[in-house]
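What follows is a short report on a single structure.
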Amino acid sequence: MINPELFVRDLKVALRSLARSKGLAITVVLTLALGIGANAAIFSLVRGVLLRPLVNRDEDRLVYIRQSAKGIGVENTNFSVPEIQDLRRSVKTISEFGDFSVIGFTMVGLGDPREVRAGVVGGSYFEVMGLHPELGRLLDMRDDGPNAAGAAVLMDRFWKTAFNRDPSVIGKTVELGERSATIVGVLEPSVPYPAETEIIANVVTSPHHLSATMVQGRVHRMTELFGRLTPGADLNAARAELQTVYSGMVKEHPEAYSPKGDGRIEAVRLRDQITSRAKTVLLVLMAASILIFIIACSNVANLILSRSVRREGELAIRAALGASSAALRRTLLAESLLLCGAGALLGVVSAGPMVSILGRYASRFSVRAMDLTVDSSMLWVGAVLAIIASVLLAYVPRLPSAESSHGLGLANGSVRITGSTSRRLRIFAVTQIAASFVLLAGASMLIKTLLSLESVQTGFDMHRVLALNVPVMSHGKTPDQIINFYRETIRRINELPGVDHVALGTTTPWRDAGSFGPGFSFSGEGHVKGVKEEDPRAQFRAVSPGFFASLGVPIVEGRDFNDNDRRGGEPVVIISQSVAQRMFPGQDALNRHIMWTDPVMDRSEEHTSELQSLRHL
């Protein structure tokens with residue numbers, strides 16, 4: 001049992017002793033701060049992303065449903081409305097389904113016009129997800145169907161940052177593109193999955209969601225699907241039933257599914273879906289942080305051992321004067337507690353900035369990593385790590401005894417390293433070198449990867465190109481008025497100093513790649529498919545003249561769009577070099593015809609209107 005008075009006295013003695021070795025004390029504190037701070041930050045990240053419960057009610061019953069066609073390289077694709085309707089009718093192990101699709105709106109009516117990313121959902125979505133309002137109410141079955149009034153819910157983060165938590169936004173009417181909607185509530189803080197959006201609106205706010213293409217097109221897949229397990233049903237039973245129903249859908253509608261796709265449907269718990277991409281990354285980071293802590297302790301242990309070598313004479317004299325081993329060990333423990341306590345305090349303070357940096361990195365893999373702070377429980381982690389390090393460092397040095405004849409030659413005051421101390425030095429040195437080697441090997445691979453990514457030729461001028469989102473107030477505007485707005489915007493930006501080129505495009509290549517899923521099937525004039533070969537798929541974007549020059553992308557053959565490529569003229573396209581080589585190998589691709597074969601593009605009036613408007617520029 002440690003006497004508190006004696007231990008306080010030992011702390012004072014230790015403080016005076018360390019004051020005489022400021023360089024060593026500072027080095028030890030900073031080294032431990034790095035190890036403890038890194039571990040506290042990583043533990044905060046792991047707990048926040050992998051371990052923290054969701055706010056969703058009965059989260060264990062909440063599942064994310066996905067379909068795949070691995071035969072054609074599609075790992076996770078969305079659902080169409082007819083597919084969702086089939087699942088709702090036939091699946092019994094899932095009591096409720098919630099649908100979510102992402103679309104962009106220009107929002108007018110709350111301050112300056114702004115472009116917002118919105119989730120469009122059916123009336124059952126929030127009930128299925130088990131979420132609650134922070135203010136007002138959420139969308140429900142009253143807001144479902146094509147005849148409902150437009151309604152929208154603000155995301156908590158958007159409400160805080162854009163409107164400073166103003167409660168008066170509830171009940172206000174805004175324009176979302178061509179439709180009006182009333183703000184009915186603010187959603188409680190929750191994981192913004194499957195996409196980070198500013199608002200969530202009902203279906204009637206999106207004309208596209210009411211179109212025949214969306215409602216009837218079985219291959220028009222743009223909706224994410226969630227479900228809530230029926231009480232008593234387990235996940236494996238739901239998976240089996242989903243696959244049975246899905247197989248029936250494929251047999252009944254073979255034209256909507258690729259024969260080579262090997263289509264499957266899967267259900268996973270929502271928490272697992274949210275954390276799946278981040279789990280491996282975070283576990284690797286945690287392993288690295290543990291190695292950093294081991295290296296930090298090894299470094300500190302080596303410093304303490306080196307200091308102990310110089311203090312063997314002092315300790316031997318104290319032992320010869322009657323100091324017990326417990327008293328000597330208590331002195332060393334007091335010193336290590338001071339050092340490790342200061343290191344832990346500095347480490348926990350530094351964990352905050354580390355969490356912010358690591359959170360921005362980890363948010364690429366999981367939306368749960370956004371806006372993380374140091375968990376208060378990490379203070380206990382820092383304290384525990386400090387105590388562990390203190391005990392280890394206090395018991396690393398071998399204590400002399402009054403009867404020992406080694407350590408201090410009283411005749412000449414010499415000090416020599418004992419065999420035990422030498423062995424401990426070697427053990428810590430080997431541990432440090434081994435852990436450092438692992439970290440250095442991993443760091444070298446990471447640096448090599450980053451250098452390779454840095455040297456990759458993207459085909460774009462990534463240093464001088466700036467992408468801007470331009471909100472367009474289309475409600476009540478004619479197509480000509482919208483076109484004139486675009487023209488005026490381009491003209492004004494082009495007059496700014498330092499601007500060489502300005503162009504308009506529906507997507508930003510490096511940011512919006514894959515926004516249309518696996519793409520749309522097409523064919524070309526004279527292209528002959530092989531046996532059982534399917535039409536290739538491609539992404540498309542509508543652009544104005546000068547788009548490629550603005551991005552620094554050379555046109556290797558043919559010409560750019562020009563003022564003659566307007567509405568009413570002959571439709572023209574520019575294709576990528578890879579498409580030209582695939583569709584017309586060894587031939588000149590100029591003046592050849594290509595056509596969409598995808599049913600979605602064949603029926604979609606929205607795409608046709610969009611292309612014509614941009615050609616009119």
Side-chain angles (χ1 to χ4, degrees), residues 18 24-54 189 191 271 274-275 277-304 333-394 396 428 431-432 434-436 438-440 442-443 446:
L18 292 174
L24 177 130
I26 293 173
T27 302
V28 169
V29 168
L30 291 179
T31 302
L32 286 174
L34 173 63
I36 293 174
N39 276 270
I42 294 294
F43 289 159
S44 291
L45 200 58
V46 169
R47 179 180 173 122
V49 175
L50 301 183
L51 304 178
R52 185 179 50 171
L54 300 176
V191 178
R271 173 197 284 274
I274 292 173
T275 61
R277 295 182 63 230
K279 188 172 184 179
T280 301
V281 173
L282 292 183
L283 291 179
V284 170
L285 284 175
M286 188 164 67
S289 71
I290 292 173
L291 283 176
I292 290 174
F293 183 67
I294 292 173
I295 293 173
C297 286
S298 299
N299 283 335
V300 171
N302 286 335
L303 291 172
I304 296 296
L333 182 61
E335 291 185 6
S336 62
L337 279 175
L338 285 175
L339 290 172
C340 296
L345 181 62
L346 184 59
V348 170
V349 170
S350 65
M354 290 187 190
V355 166
S356 178
I357 295 171
L358 290 172
R360 285 197 296 271
Y361 168 73
S363 64
R364 302 177 183 180
F365 306 96
S366 174
V367 291
R368 296 201 82 188
M370 296 187 304
D371 300 327
L372 279 182
T373 57
V374 178
D375 196 311
S376 59
S377 62
M378 292 305 106
L379 298 175
W380 292 106
V381 173
V384 169
L385 292 176
I387 292 173
I388 292 174
S390 301
V391 173
L392 288 175
L393 298 179
V396 163
F428 280 103
T431 302
Q432 176 184 352
S436 298
V438 172
L439 279 182
L440 286 172
L446 177 61

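Residue numbers count from 1 along this sequence.
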Should S44 and M354 count as side-chain neighbours, where that means a heavy-atom distance under 4.5 Å?
-> no
Side chain to side chain contact (heavy atoms under 4.5 Å, CB included) against R52, all qualifying residues, sequence neighbours excluded | R368, L372
L50 CG to L45 CG distance, which is reported to the nearest 0.5 Å = 8.0 Å
So, for R271 and L54, which heavy atoms are closest and what is the spacing to 0.1 Å?
-> NH2-N, 3.9 Å
Could you give all pairs that pass the side chain to side chain donor-acceptor pair (under 3.5 Å) test and reach residues 279-288, with sequence neighbours left out?
-> none
Sequence neighbours excluded, which residues qualify as side-chain hydrogen bond (donor to acceptor under 3.5 Å, both in side chains) partners of T27?
-> none
Distance-only check: which donor-acceptor pairs under 3.5 Å involve side-chain atoms of residues 339-353, not counting sequence neighbours?
from : atom 1 : to   : atom 2 : distance (Å)
S350 : OG     : L346 : O      : 3.2
S350 : OG     : G347 : O      : 2.8

Distance from L51 atom CG to F43 atom CZ, nearest 0.5 Å?
-> 11.0 Å
